[in-house]
Student: 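My questions will all concern the structure given below.
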Amino acid sequence: EIAVEVNGIKIAVKPGSTLLDAAQAVQVKIPTLCKHPDLVANGACGLCIVRVEGLHGLPRACTTPVEEGMRITTHDGEITEIRKTVLELILSTHPNTCLSCGRNQSCELQTLAADFGIREDLWGHALSGLGKDTSTGSLVLDFDKCIKCGRCVHICQDVQNVHALSFLGRGMQTRMAPAGDILLAESPCVMCGQCSAHCPTGAIVEADETATAWNFLRGKENFTVVQIAPSVRVAIGEEFGYEPGTNLTGKLYAALRRLGFDAVFDTNFSADVTIMEEANEFVERFKHGKRELPLITSCCPSWTDYMEKLHSDFIPNFSSTKSPQQIMGVLAKTYYAQKMNIDPAGMRMVSIMPCTAKKYEITRDHEMFASGFKDVDVVLTTRELARMIRQAGIDFRHLQDHKADSFLGSYSGAGTMFGTTGGVMEAALRTAQFILTGEKMPKLVFEEIRGLEGIKETKVVIAQEEIRIAVAHGLGHVGEVLERVRRAKATGEEPPYHFIEVMACPGGCIGGGGQPYRVTDAIRKKRMQGLFADDRDKAVRCSHDNAEVQQVYNEFLEKPLSEKAHRLLHTTYHA
Ligand code: HC0
Ligand code: SF4
């Protein structure tokens with residue numbers, strides 16, 4: 001431990017800590033716009049300057065390591081004046097359009113401008129005039145609003161290993177954009193939205209489609225239905241003052257009814273259907289030697305896009321089962337519409353996702369129109385839904401809990417766990433074990449594949465056979481897992497794994513690019529615990545025990561992997 005003094009307060013911190021960490025340890029907040037707990041510090045913004053006794057100049061707290069006996073001053077008159085000037089200079093090239101900005105009231109620059117009492121344009125005002133990139137339909141890059149903090153570039157390159165964004169241009173023309181100055185849609189971008197989740201300002205936001213959803217709800221001729229993804233329920237509370245991880249399923253259903261949806265469904269139900277298909281796919285490959293192992297999960301659209309772009313040799317390993325979002329869309333416009341005698345042509349499916357790539361998934365292929373219509377009409381992020389709830393004047397905190405609508409609304413503990421890294425695998429193992437042994441699971445929880453470690457592995461013995469498992473999250477961790485499989489293939493060895501789960505975002509969907517801002521690992525853990533608690537509290541914890549799932553197979557789909565299930569619930573991948 002290293003002993004230092006921050007504003008006269010003595011503290012011992014771990015070697016390798018920065019001055020920023022030391023200040024945090026004594027509850028002092030040093031302002032910064034470029035440092036994010038997920039990222040290595042780069043000192044770009046210059047706001048975190050501090051004074052260190054005996055040192056010349058004002059070092060940046062985020063990049064300066066502590067040394068024994070340092071006496072640090074984080075706030076005084078001169079430091080505050082300099083920080084204010086730095087802010088004024090950033091603002092001199094930033095649009096004054098807070099009122100119409102997607103980050104109004106969640107922008108870190110706006111908050112600091114308010115805290116520092118910035119009142120005038122002392123340095124004049126000049127914008128780059130570089131316009132916007134709306135090419136992906138999922139994300140909007142607004143170059144004028146970029147403050148060059150580098151967070152988006154680092155998350156995209158260092159954490160996601162995608163390298164869609166880099167810094168281009170010089171001086172005023174500096175901007176975060178794909179190398180070669182091409183459109184984001186032409187770049188390797190996989191629409192994960194981690195750049196937008198880490199952007200401190202409105203320079204990268206999701207494409208706002210709330211107006212489309214309002215139009216559906218106002219259109220009298222429509223029957224408008226909605227589904228909510230697993231991880232939305234444990235994160236949306238942060239928008240309404242709840243602790244991260246609070247499970248708000250009942251209030252969410254109630255809020256969606258107040259918004260005017262004609263039926264409220266739960267993606268957790270269709271996650272259970274995904275498991276019925278995917279677990280059977282796994283058993284076919286594992287037991288009956290049909291097609292290649294490992295089987296790799298495919299419900300994360302950023303991951304499927306990444307695989308198609310960079311690892312297309314794994315196409316034969318991909319589960320052909322569609323994601324729960326798409327399965328919900330097609331079942332609503334076929335099975336549910338028939339049962340309720342509703343014309344699917346007038347049905348509109350809105351889906352609430354933690355994810356910006358889900359906006360892309362709904363049009364990725366003709367197979368996303370399996371009902372004969374667009375299976376899912378529009379995707380809103382958790383953040384967009386929170387805005388709609390506020391627009392409608394709904395007092396979310398005081399809503400009475402509601403239940404979801406029948407036939408596509410009930411879910412098992414397995415379904416809800418989809419929203420966290422490792423959860424799809426645990427859910428699949430519960431059902432695969434049932435298929436392979438015909439017995440109820442002796443073991444429901446697989447501790448080894450829980451938590452935030454980037455690559456998790458375990459071995460499970462089912463019916464005397466060993467099943468080797470890997471779980472990866474954060475696209476930067478995927479390459480290593482795939483490389484191990486490739487090496488075994490090349491040398492003719494047994495595959496190192498039989499079953500692999502991949503989620504593009506760190507933490508899985510609970511850390512999705514469309515979730516409430518300012519996520520950290522501490523918040524990811526709380527959201528994750530919220531889903532594990534939801535599973536623990538459920539009477540039904542396996543997808544195959546979900547009575548509504550059994551009903552949809554009995555009345556409509558026949559059995560997992562039937563011809564009809566294949567036609568409606570499965571898809572293909574292309575290099
Ligand atoms: Fe997910 Fe999903 S779990 S990808 O993370 O599989 O977005 O929450 O809705 O579709 O269920 C996201 C979350 C989903 C899907 C489910 C899967
Ligand atoms: Fe990179 Fe993901 Fe942002 Fe695309 S959406 S630029 S892949 S961080």
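Residues: numbered from 1 along the sequence shown. Below, each value reflects all heavy atoms present in this structure, side chains not excepted, and no hydrogens, waters or symmetry copies. Start at 1 and go down the list; that is how both ligands and their atoms are numbered.
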Student: Closer than 4.0 Å to some heavy atom of C355 - which atoms of ligand 1 meet that?
Tutor: 7 (O)

Student: Report, in ascending order of atom number, the atoms of ligand 2 lying under 4.0 Å from any heavy atom of V190.
Tutor: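 Close to V190: 4 (Fe), 7 (S).
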
Student: Short list, please: which atoms of ligand 2 are under 4.0 Å from a heavy atom of G193?
Tutor: 2 (Fe), 5 (S)

Student: State whether R364 and E361 are salt-bridged, where the test is any N-O pair (Lys NZ or Arg NE/NH1/NH2 against Asp/Glu carboxylate O) under 4.0 Å.
Tutor: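 Salt bridge: no.
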
Student: Testing D405, D401, D262 one by one against R257 for a salt bridge (Lys or Arg N to Asp or Glu O under 4.0 Å), which residue passes?
Tutor: D405

Student: Show the atoms of ligand 2 that are less than 4.0 angstrom away from any heavy atom in L139.
Tutor: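 Near L139, meaning under 4.0 Å from one of its heavy atoms, ligand 2 has 5 (S).
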
Student: Name the closest protein heavy atom to atom 7 (O) of ligand 1, giving the residue it belongs to and the distance to 0.1 Å.
Tutor: P354 CD, 3.2 Å

Student: Which distance, rounded to the nearest 0.5 Å, do you find between the CD1 of I315 and the OG of S298?
Tutor: 11.5 Å

Student: Are the charged groups of R524 and D38 less than 4.0 angstrom apart, N to O?
Tutor: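 Yes, charged N to carboxylate O under 4.0 Å.
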
Student: Would D521 and K525 pass as an ion pair if we require N to O under 4.0 Å?
Tutor: no

Student: Please determine if atom 4 (Fe) of ligand 2 has an N/O/S atom from C156 lying under 2.8 Å away.
Tutor: no

Student: Please write down residue, atom name and distance for the protein heavy atom closest to atom 8 (O) of ligand 1.
Tutor: S231 OG, 2.7 Å

Student: Relative to the heavy atoms of M191, which atoms of ligand 2 are at a distance of less than 4.0 Å?
Tutor: 4 (Fe), 5 (S)

Student: What atoms of ligand 1 come within less than 4.0 Å of a heavy atom belonging to M353?
Tutor: 7 (O), 9 (O)

Student: Looking only at protein heavy atoms, which one is nearest to atom 17 (C) of ligand 1, and what is the separation?
Tutor: P324 CD, 3.3 Å

Student: To check your reading of the model: name the closest protein heavy atom to atom 14 (C) of ligand 1, its residue, and the distance in Å.
Tutor: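 Checked against all protein heavy atoms, atom 14 (C) of ligand 1 sits closest to P230 CD, 3.6 Å.
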
Student: In terms of residue, atom name and distance, what is the protein heavy atom nearest to atom 15 (C) of ligand 1?
Tutor: K358 NZ, 3.1 Å

Student: Compute both the distance and the angle, then confirm whether R233 meets the cation-pi test with Y411: under 6.0 Å from the six-membered ring centre, within 45 degrees of the axis.
Tutor: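 Checked: cation-pi criterion met.
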
Student: Output the list of atoms in ligand 2 that are nearer than 4.0 Å to some heavy atom of L165, sorted by atom number.
Tutor: 6 (S)

Student: Give the single entry among A229, C299, A271 that approaches atom 9 (O) of ligand 1 most closely by any heavy atom.
Tutor: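 Looking at heavy atoms only, the winner is A229.
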
Student: Please state which protein non-hydrogen atom is closest to atom 3 (S) of ligand 1 and give its distance, to 0.1 Å?
Tutor: F418 O, 3.2 Å

Student: Which of the numbered atoms in ligand 2 are under 4.0 angstrom from any heavy atom belonging to C195?
Tutor: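 Per the distance check, 3 (Fe), 5 (S), 6 (S), 8 (S).
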
Student: Can you spot which of R285, E501, E281 makes a side chain to side chain donor-acceptor pair (under 3.5 Å) with S319?
Tutor: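 That would be E281.
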
Student: Between K359 and E206, does any side-chain N to carboxylate O distance fall below 4.0 Å?
Tutor: no

Student: List the closest protein heavy-atom neighbour of atom 4 (S) of ligand 1: residue, atom name, distance to the nearest 0.1 Å.
Tutor: C509 SG, 3.4 Å

Student: Show your working on side chain to side chain donor-acceptor pair (under 3.5 Å) between D535 and T416 and close with a plain yes or no.
Tutor: CA-CA 7 Å; D535 166 46; T416 207; over 6 Å; no

Student: For Q325, is at least one N or O under 3.5 Å away from an N or O on ligand 1?
Tutor: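 Yes, Q325 has an N/O under 3.5 Å of an N/O on ligand 1.
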
